[in-house]
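First the structure, in the form of structure tokens, and then the observations on it.
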Amino acid sequence: NGWSSEGPRVPESGGEEEVQGKMAGSHPYFNLPDFTQPSPPSTPPSLPSHQRCRPSDATKGLLVALLGGGLPAGFVGPFSRMAYQASHFPSLELLICRCLFHLPIALLLKLRGDPLLGPPDIRGRACLHALLNVLSIGCAYSAVQVVPAGNAATVRKGSSTVCSALLALCLESQRLSGYDWCGLLGSTLGLIIIVGPGLGTLQEGTTGLYTALGYVLAFLGGLALSLGLLVYRSLDFPSCLPTVAFLFGLVGLLGSVPGLFMLQTPVLPKDPLSWSCVGAVGILALVSFVCVSYAVTKAHPALVCAVLHSEVVVALMLQYYVLYETVAPSDIMGAGVVLGSIAIITAQNLSCEREGQVEE
């Protein structure tokens, strides 16, 4: 008769859930959220590992050059001038004191088991790099004693930027983008605005001759700096940075101690201001040296030198507020142009690369 003698069949639980699932998927009212249950905390979606960005090498190099190289170096010139004004501290003696801060790096090299002078095959280039940096610093310290600190830093950084761009194009065949060239030309224009009026009004006689000599020394210091950065880029061994920092102190001492007794008169200052300025110069200059050496391995040397123009702005501010020296309207205008150029270069090179990918 078609009827089962076992009575009505109870539907299985799995079938009932399957029917409810079909009804929920076919009718919109079954898709309403269940407000009786607490909602799980919302978490921001995380990007896959291959889509996460990190700063590129050029970005890291320029930021290190700006924050660790240019800003501390801006205090070196005014502090050097303060030490000279307080006790007539000679420039070579100041260079000797700065080199003393580099010598303790030998302990780090000994602990790591690295040779103090670097591998034998590149020892000559490492010593050449140290010699060029010593000449650059010596010219800069001599220049700030006869010309304003801001103007000396301006000429030195401007010449280093132009020479670095030309040397990189001629020797390394490295090309720059249009924005980079715009930033370089703008920063150079800003430096010309700062120094131009002063060069046009040089006094006649001994004072004018010493002032012109100060500007020449600042220019030669920038040229030596650009050559030193180019030589450093050719060095490639594990302990490169601490080795060249130690060599700078060693070569500086070997060259400055005889020169101090032959060309200048040693001075032993007794006032705390002079010793404070000397200690600040040594520490800040060491930080700037390490950061610039690191930055030039990550970014174009011309761009690094252009970002280091921030030193000029800091030096001009200290020249006005600390040394109470006159800052002309052209100095303020040129500093603004320099800052704008640094912003262009930094914004152009601010980029990120995907994790797990190699930057082209």
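Bear in mind the structure is a predicted one, so any value in this text is a computation, not a measurement.
Between C163 and L227, every side-chain heavy-atom pair lies at or beyond the 4.5 Å cut-off. At a threshold of 4.5 Å between non-hydrogen side-chain atoms, the residues S234 and L230 do not count as touching. For the pair M82 and F89, the minimum side-chain heavy-atom distance is 4.5 Å or more. Under the 4.5 Å side-chain criterion, counting only non-hydrogen atoms from C-beta, S239 is in contact with L109. Looking at T243 and L116, their side chains never come closer than 4.5 Å, going by heavy atoms from C-beta outward. Counting only heavy atoms from C-beta outward, the side chains of P119 and I122 approach each other to under 4.5 Å.
No continuous path of hydrophobic side-chain contacts links L247 to L107 [ILVMFWY only; heavy atoms under 4.5 Å].
Atom CG of L71 is separated from atom CG of L284 by 10.5 Å, given to the nearest 0.5 angstrom.
The aromatic rings of Y84 and H88 lie perpendicular to each other, with more than 60° between the two planes, well past the 30° mark. Using a 30° and 60° split on the angle between ring planes, H102 and F289 fall in the perpendicular class, above 60°.
In this structure a side-chain-to-backbone donor-acceptor pair under 3.5 Å is missing from R81 to Q319. For R123 (side chain) and G118 (main-chain N/O), a donor-acceptor pair under 3.5 Å exists by modelled atom type.
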- Task: Mind running side-chain contact (heavy atoms from CB on, under 4.5 Å) on L225 and V292 for me, showing each step along the way?
- Result: CA-CA 11 Å; L225 175 61; V292 172; 5.5 Å; no
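Each of L131, I105, V134 was checked for a side chain to side chain contact (heavy atoms under 4.5 Å, CB included) with F248, and the lone residue meeting it is V134.
No donor-acceptor contact under 3.5 angstrom links the side chains of N133 and S136, judged on distance only.
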